[in-house]
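So the structure is just underneath, and the comments pick up after that.
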Number of protein chains: 2
Amino acid sequence: MKCVTEKSEDKIREAAKRVFLKKGFDGTTSRDIAKEADMNIALTNYYFRSKEKLFLEIFKDVLEEYFQNMLTILNKDIDIKQKISEIIDNDFAMMKKEPDLVIFIMNEIHKSPQRLFPDMSIFRQVRETYLKKQLEEGAANGTLRPMQLENILPLIKCGVEFIFMGKEIHKELFMMTDEDFERYAEEQKEHIKAMVCNYLVIG
Amino acid sequence: MKCVTEKSEDKIREAAKRVFLKKGFDGTTSRDIAKEADMNIALTNYYFRSKEKLFLEIFKDVLEEYFQNMLTILNKDIDIKQKISEIIDNDFAMMKKEPDLVIFIMNEIHKSPQRLFPDMSIFRQVRETYLKKQLEEGAANGTLRPMQLENILPLIKCGVEFIFMGKEIHKELFMMTDEDFERYAEEQKEHIKAMVCNYLVIG
DNA sequence: ATAAATTTTAAACAACCATTTAAAATATTC
DNA sequence: GAATATTTTAAATGGTTGTTTAAAATTTAT
């Protein structure tokens, strides 16, 4: 029955996502995935044609997961300070929930960019977001420093994502326990919010 | 002769660094390294005992390379605004010269932190840098916002490293060519300098 | 020049890799 | 309930992996 089919296929998909995120494409074997899904190895190639095809499907989902929540916030009709705060809070929550996601995306794209960009309509959606209009209006009426979306967006996102991507090295470098890092990350989050808002918003 | 010995060993070391940086530990085979060094496969295990041991040696060097220049600047007796500017310029130059270095370090540590931290005296050196004293003095006499080294340092570094680590995704997301990205990165560098200085330095 | 030490080589090792096969088990359709 | 279609299995494929071996080539020391 269709119900059963989807169950096995989804079990593999979910297991593959977990393993790929944790170990990367090169570090993951088909056997790893089968074991994580508690299924026979041959099934990964029965449902998906190859490790590569399975990976590409997973990667597309993961990339959309990365952008989707942010996109919703970017299009909200709210004050720009509030918007920056919400994006950062959302990023923060994402990094805590899925600590492997961003470094996984960055690393896989860095290693082989050409193979990982299907027609991602989400990219266009990000480019055409309502925040872009807010920036233009703010620059025009002098309330905001004139900046393009592509300049401000990385400034908003880099702070939180950087310290979480490098969580272990930051812990080691500054001799922090996990609890220390927890507090530290919260501090840092507020610094980033204040710093970016101070820079963008005039007066 | 010793001269010849060092030549082969160093050839392997340099080849291994290039390949590891580009493909990561999991993506690199002993044969890749031997081929890059133009030597017999068995030699990689003759000079270094295993792929793992060779990797650990390379990784230690790479991590020190990452911190060394920054450390020198951190200890300079110069104005703090100038210092921030120099750190960012230095980071920028490093990302252009070695585009794989930071994402490599981040990813390898993220995947297996415990195995990659030998006694790194450079970590202590970073913690005890002269910038720390400058921050304390500036906070005491009211010229600087009170911040710890561990809070300000990532803010200084994350901007440049983030956009270079994610160079390909930024190019794709904002439809930039390599030349576009070149200009964009320069813009971004100046934004980061201004933003961080404005935040840290009072008045 | 000869013996000893070092470096390089080709070949092989068992283990593991992604993927395929064909038969077995199960579910679906008539 | 028998025929058909789908799903799962164990086993095998050929190729690659990290590493080792033992002999050959080269360098060093006597």
Side-chain angles (χ1 to χ4, degrees), chain A residues 1-62 104 107-108 111-112 114-116, chain B residues 1-62 104 107-108 111-112 114-116:
Chain A
M1 226 236 289
K2 210 179 181 190
C3 169
V4 175
T5 300
E6 286 180 351
K7 254 197 191 158
S8 287
E9 196 176 320
D10 287 351
K11 250 176 97 179
I12 294 170
R13 202 188 302 272
E14 287 157 21
K17 185 189 166 188
R18 283 193 298 274
V19 181
F20 278 137
L21 279 176
K22 198 167 156 200
K23 302 188 172 190
F25 180 81
D26 290 331
T28 298
T29 69
S30 297
R31 284 165 180 81
D32 287 338
I33 296 168
K35 196 174 182 183
E36 174 80 17
D38 200 27
M39 310 195 80
N40 188 287
I41 315 166
L43 281 182
T44 63
N45 285 344
Y46 173 74
Y47 285 108
F48 309 87
R49 292 154 40 97
S50 65
K51 178 190 168 190
E52 170 79 9
K53 289 233 165 51
L54 174 53
F55 177 77
L56 291 177
E57 271 200 39
I58 302 290
F59 190 83
K60 192 164 187 275
D61 292 348
V62 166
F104 167 78
N107 192 55
E108 295 298 338
K111 276 192 303 184
S112 52
Q114 75 291 342
R115 117 180 196 265
L116 297 175
Chain B
M1 225 233 294
K2 209 179 180 190
C3 167
V4 174
T5 299
E6 285 180 351
K7 253 197 190 158
S8 286
E9 196 176 322
D10 286 352
K11 251 177 94 178
I12 293 170
R13 201 188 302 271
E14 287 158 22
K17 185 189 167 189
R18 284 194 298 276
V19 181
F20 277 137
L21 278 176
K22 199 169 155 197
K23 303 188 172 189
F25 180 81
D26 290 330
T28 298
T29 69
S30 299
R31 283 164 180 82
D32 287 337
I33 296 168
K35 196 174 182 183
E36 174 81 16
D38 200 28
M39 310 195 79
N40 188 286
I41 315 166
L43 283 181
T44 62
N45 284 345
Y46 174 74
Y47 285 107
F48 309 86
R49 291 154 41 100
S50 66
K51 178 190 168 190
E52 171 79 8
K53 289 233 165 51
L54 174 53
F55 177 77
L56 291 177
E57 271 201 39
I58 301 291
F59 190 83
K60 193 165 186 273
D61 292 347
V62 166
F104 168 77
N107 193 54
E108 295 298 338
K111 276 191 304 184
S112 53
Q114 73 293 342
R115 118 181 195 264
L116 297 174

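Throughout, a chain's letter reflects where its sequence line sits, starting with A, and its residues are numbered from 1.
Counting only heavy atoms from C-beta outward, the side chains of B:L54 and B:F20 approach each other to under 4.5 Å. Contact of the A:F25 side chain with the A:F59 side chain is not registered, since no non-hydrogen atoms from C-beta on lie closer than 4.5 Å. Annotation: side chain of B:K51 is not in contact with side chain of B:T44 (no heavy-atom distance under 4.5 Å). The side-chain heavy atoms of B:E57 and B:R13, taken from C-beta on, include a pair separated by under 4.5 Å. No side-chain heavy atom of A:T29 sits under 4.5 Å from any side-chain heavy atom of A:I33.
In this structure, B:S50 contributes its side chain and B:K53 its backbone to a donor-acceptor pair below 3.5 Å. Within the 3.5 Å criterion, the main-chain N or O of A:F55 finds no donor-acceptor partner in the side chain of A:K17.
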Between N or O atoms, less than 3.5 Å apart, protein on one side and nucleotides 10-15 of chain C on the other: list the pairs.
| residue | atom | partner | partner atom | Å |
| --- | --- | --- | --- | --- |
| C:dA10 | N7 | B:N40 | ND2 | 3.4 |

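Atom pair B:K53:NZ and D:dG18:C1' shows a separation of 13 Å (rounding to whole Å applied). Distance NZ (A:K23) to C1' (C:dC17): 14 Å, rounded to an integer number of Å. Atom CZ in A:F25 sits about 13 Å away from atom P in C:dC17, given to the nearest Å. For the pair B:R49 CZ and D:dT21 C1', the computed distance is 17 Å after rounding to whole Å. Following rounding to the nearest Å, B:D26 (CG) and D:dT16 (P) show an atom-to-atom distance of 19 Å. Here the C1' atom of nucleotide C:dA24 and the CG atom of A:L43 are 13 Å apart, to the nearest Å. Between the OH atom of B:Y46 and the C1' atom of D:dT20 there is a distance of 14 Å, rounded to whole Å. With rounding to whole Å, A:I33 atom CD1 is found 13 Å from C:dC17 atom C1'.
Surrounding CZ of A:R49 are at most 12 heavy atoms belonging to other residues, nucleotides or ligands under 6.0 Å away.
Residue contacts for A:S50: at a heavy-atom cut-off of 4.0 Å it reaches the sugar-phosphate backbone alone, with no base atom in range.
Stem regions annotated for DNA chain C: C:1-30 with D:1-30, counting only runs of 3 or more consecutive pairs of Watson-Crick or G-U type with both contacts under 3.5 Å.
Salt-bridge annotation for B:D26 and B:K111: present, with a side-chain N of the basic residue lying under 4.0 Å from a carboxylate O of the acidic one.
Between A:S8 and D:dT8 there is a side-chain N or O to OP1 or OP2 distance below 4.0 Å.
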